[in-house]
Amino acid sequence: MRRLVGAWWVALAGVLVGCNNNPLPDGAAASNTLFTAVSGSSPRHLDPTASYWSNETPYTYQIYEPPYGYHYLKRPFVLVGKAAVEVAQPRYLDRNGQPLPADAPAADIAESVYDVHIKPGIQYQPHPAFATDAQGQYLYHALKRGELGDRRSPWQFEHQGTRELVADDYVYALKRQATTRITTPIYGIFSEYVLGLKDYGALIKAEDAKLRAGLDPAARDKPFLDFRKWPLIGATAPEKHLLRIRIKGKYPQWNYWMSLTFMAPVPWEADAFYAQPGMAANGLSLDTWPVGTGPYMMVESVQDTRHVMKRNPNYRGEPYPCEGVQADQTNGMLADCGKPTPFVDTIVAVIEKEGVPLRAKFRQGYYDVPRIERTDDGLEFLVEMDDSEDVRRDYTARGFQLPKFADVTSWYLGFNMLDPVIGRGDTPQQQAKNRQLRQAISIAIDWEEYSRIFPKSAGETAMGPLPDGIFGSRHGQPQGINTVTHHLVDGKVVRRPIEDAKKLLAEAGYPDGRDAATGRPLVLNYDFYNQPTPEVKSQLDWMVKQFAKIDVQLEIRATDNNQFQDKVRKGKHQIFWSGWLADYPDAENFLFLLYGPNAKSTSDGENTANYANAEYDALFAQLKGVDDGPEKQALIDRMTAIVQQDAPWSFGYFPYSSGAFQAWVHNAKPAVLVRDMARYIRIDAAERARRQTEWNRPVWWPMGVGAAGLIAVVWLALRSFRRRERLDARGVVLS
């Protein structure tokens, strides 16, 4: 009986100890660490040549340094030098190589030359790829098969090294866009502008074939493809810290591209290091373990669990900005003027599969920022505050920072134009019918209703591909109405009635949602890039209902993001959901999503709809050399009209944006275009620890009641046991 009583007390003590719900290690709250989350899964590509997905940017923009970046505080956005001393202005040359004035007509400009001066003294992060012996020989560049052992991290190598960033590293990175080894989503665009890059791609393909001759095509180990061997006329380094890029014709947007991680430097040593036997099988590559000069470096990578970045000890400490917009002074955004960045020592990014636990951990103070790459997390908290005064008081008392602002982003439903049912079609007659089918669907999907039903994902209904804030956008203007899906009724823009959609559907060959030739119901597939969690399922169900309004059956094919990316690269998708966060503030960055040569499934570009229209493509090529003004506006208007009629997308909506930050997070100014924000953020760790304790105090009275009940049960059991012990064989209590 004593053992029984002891066991009860041990169990009670265990329950009390287990009441701690803190997901962070002991003492973590008091450390100089930024805790955040990333939705879905681990990043697929951290290699700067391949990376182009938003959930990869929390890592890539903290680790790599392109030549340029955006000023953190100024609005409108201003390009500034990052690894470069300043933003270079192009020199123009005619067909004979003679200089032209800055205001020369685009038709006269044969070449634009950008001379980019790189800051001297910038050092790469520590990495075994740079480690050398006393004679200057690389320690880990000649590993034989089997020597790698079970190492799965660069930090498992005994020695690390570094070296200075030079202009040739940017040359190497630009050449590497022509690689046949990995995904290169921007090669198609870059090869149209950088002199010689298209021919360079053919050369690299041939040279790679020679290197791999006789090898198993499926082998993961491949010989080092050393781009230093083959010069590229469009990218050179005349001096150690001078990068020269030669662009065909006039292309004003090129400087914007120089702010993206596609133009981040790649040291040849890292490429050679990761090309050795066994590296790929052990998960050692730039896709998982980047090598950069930025403020942070990857130190821990646990697939689909968490990723940890720490301060790069070789980072030079670029100063926090001292200028911004007028509100930045009153908001305290200039308090750290001139101080070296980064402020935070460590960034812990936890992979969260579902939004409910993510938001709960933010409310409890365990995440400083829900998702550092997202600009919509604050909306959910703002909606909750609007729905409940109690919630409003609670969130206000906690000091949640929920700035709401306009940003340049969009969400849309796309149609794969390679698909025989929903796509372009093989004959003029079939093309017309398929177009009518897409138009019917575009009318049926009520994006106005979507924003009412899902206010946490709300926005303004899009009539075309360009959001407000981009030159050329007609959003909110009468000229911008998409007449395929909307019309004016008493001066108000109203979605066309469902009868119009059904009429188009019948003309497309599907009266009442059935194939006129076979009588079979029309069934379409909806490819979604996330698992159907409870919060996602309601939106998927809503989409199914939209198609049902015109008697079309929609089958959901939900996968994780990596599987979705594989599917679209192979052209196996049909209808898909996607969005775009602007890379730079120019119409080209949205309109190129529908540019034929940029097709995802044929050219590995970002045109996921695989849309191609000869007139649109010709206008797009013309647009790229035109400065903002009436001529550019006219081109954009015509291109918008073309895609409104062709309907390769149901244009969806331009979402409202709002960040979410704890009260102890300082210098938070979210924006889609500013992706290197982590180095500017400062954490008051002592305040975080205090508030975490305050917000998560154990509620002891239920445990007290439970303990009292447990004691009563034990007492009654003990009393009963003792009574039985005192009974004789006849059941009489012994005295």
Side-chain angles (χ1 to χ4, degrees), residues 46-49 62-65 83 118-176 179 181-182 211 220-231 235-243 264-301 309-317:
L46 296 183
D47 187 321
T49 304
Q62 323 315 320
I63 294 171
Y64 294 117
E65 285 190 298
I118 305 301
K119 296 174 183 176
I122 296 177
Q123 297 287 313
Y124 279 99
Q125 66 174 70
H127 196 275
F130 302 119
T132 57
D133 60 19
Q135 289 73 43
Q137 299 298 312
Y138 290 103
L139 290 174
Y140 304 115
H141 277 216
L143 297 177
K144 295 181 176 59
R145 191 168 299 279
E147 282 190 293
L148 179 63
D150 61 355
R151 296 187 184 101
R152 295 183 178 275
S153 161
W155 308 106
Q156 292 177 307
F157 289 80
E158 182 180 358
H159 301 286
Q160 315 289 324
T162 186
R163 71 160 170 83
E164 185 184 15
L165 169 71
V166 294
D168 264 323
D169 297 330
Y170 289 99
V171 173
Y172 190 90
L174 197 42
K175 290 177 177 179
R176 201 166 173 267
T179 185
R181 300 286 180 85
I182 56 175
L211 283 173
R220 300 185 69 178
D221 292 333
K222 301 176 179 65
F224 174 39
L225 187 59
D226 189 354
F227 294 94
R228 295 174 300 165
K229 295 180 179 179
W230 308 285
T236 56
E239 300 173 15
K240 184 178 181 181
H241 297 107
L242 176 60
L243 168 66
V266 175
W268 71 266
E269 295 94 334
D271 225 7
F273 175 81
Y274 286 131
Q276 297 181 92
M279 290 282 182
N282 281 20
L284 288 164
S285 72
L286 284 172
D287 268 341
T288 305
W289 299 102
V291 182
T293 63
Y296 293 99
M297 56 188 188
M298 188 75 75
V299 298
E300 182 182 343
S301 180
M309 293 177 286
K310 284 191 176 294
R311 183 193 296 262
N312 173 7
N314 298 334
Y315 186 64
R316 61 199 176 278

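The structure displayed is predicted, hence computed values, not measured ones.
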[atom1] of [X] to [atom2] of [Y]: how many Å apart, nearest 0.5 Å?
{"X": "Asn282", "Y": "Leu148", "atom1": "CG", "atom2": "CG", "result": "4.5 Å"}
{"X": "Lys310", "Y": "Tyr296", "atom1": "NZ", "atom2": "OH", "result": "10.5 Å"}
{"X": "Leu243", "Y": "Asp168", "atom1": "CG", "atom2": "CG", "result": "9.0 Å"}
{"X": "Ser301", "Y": "Leu46", "atom1": "OG", "atom2": "CG", "result": "7.5 Å"}
{"X": "Glu158", "Y": "Arg151", "atom1": "CD", "atom2": "CZ", "result": "9.0 Å"}
{"X": "Leu165", "Y": "Tyr170", "atom1": "CG", "atom2": "OH", "result": "4.5 Å"}

Counting distance only, does the side-chain N/O of [X] pair as donor-acceptor with the main-chain N or O of [Y] below 3.5 Å?
{"X": "Lys175", "Y": "Ala235", "answer": "no"}
{"X": "Thr162", "Y": "Tyr124", "answer": "yes"}
{"X": "Gln160", "Y": "Phe157", "answer": "yes"}

Going by heavy atoms in the side chains, are [X] and [Y] under 4.5 Å from each other?
{"X": "Leu139", "Y": "Pro128", "result": "no"}
{"X": "Gln276", "Y": "Glu147", "result": "no"}
{"X": "Val266", "Y": "Pro48", "result": "yes"}
{"X": "Leu225", "Y": "Trp230", "result": "yes"}
{"X": "Tyr172", "Y": "Pro267", "result": "no"}
{"X": "Lys222", "Y": "Leu211", "result": "no"}

Shortest non-hydrogen contact from [X] to [Y]?
{"X": "Pro126", "Y": "Trp155", "answer": "O-CH2, 3.5 Å"}
{"X": "Ala270", "Y": "Val291", "answer": "CB-CG2, 3.9 Å"}
{"X": "His159", "Y": "Tyr140", "answer": "N-OH, 3.2 Å"}
{"X": "Gln125", "Y": "Met297", "answer": "OE1-CB, 3.4 Å"}
{"X": "Gln123", "Y": "Asn312", "answer": "O-ND2, 4.4 Å"}
{"X": "Pro265", "Y": "Tyr64", "answer": "O-CD2, 4.5 Å"}

Is the shortest distance from a Lys or Arg side-chain nitrogen in [X] or [Y] to a carboxylate oxygen in the other one below 4.0 Å?
{"X": "Asp271", "Y": "Arg181", "result": "no"}
{"X": "Asp169", "Y": "Arg163", "result": "yes"}
{"X": "Glu65", "Y": "Arg316", "result": "yes"}

Using the six-membered ring wherever Trp is involved, compare the ring planes of Phe130 and His127 and label them parallel, tilted or perpendicular (cut-offs 30° and 60°). perpendicular
What class does the angle between the rings of Tyr138 and Trp268 fall in, given that below 30° is parallel, 30 to 60° is tilted and above 60° is perpendicular? perpendicular
Residues, nucleotides or ligands: over 12 heavy atoms within 6.0 Å of Asp133 CG: yes
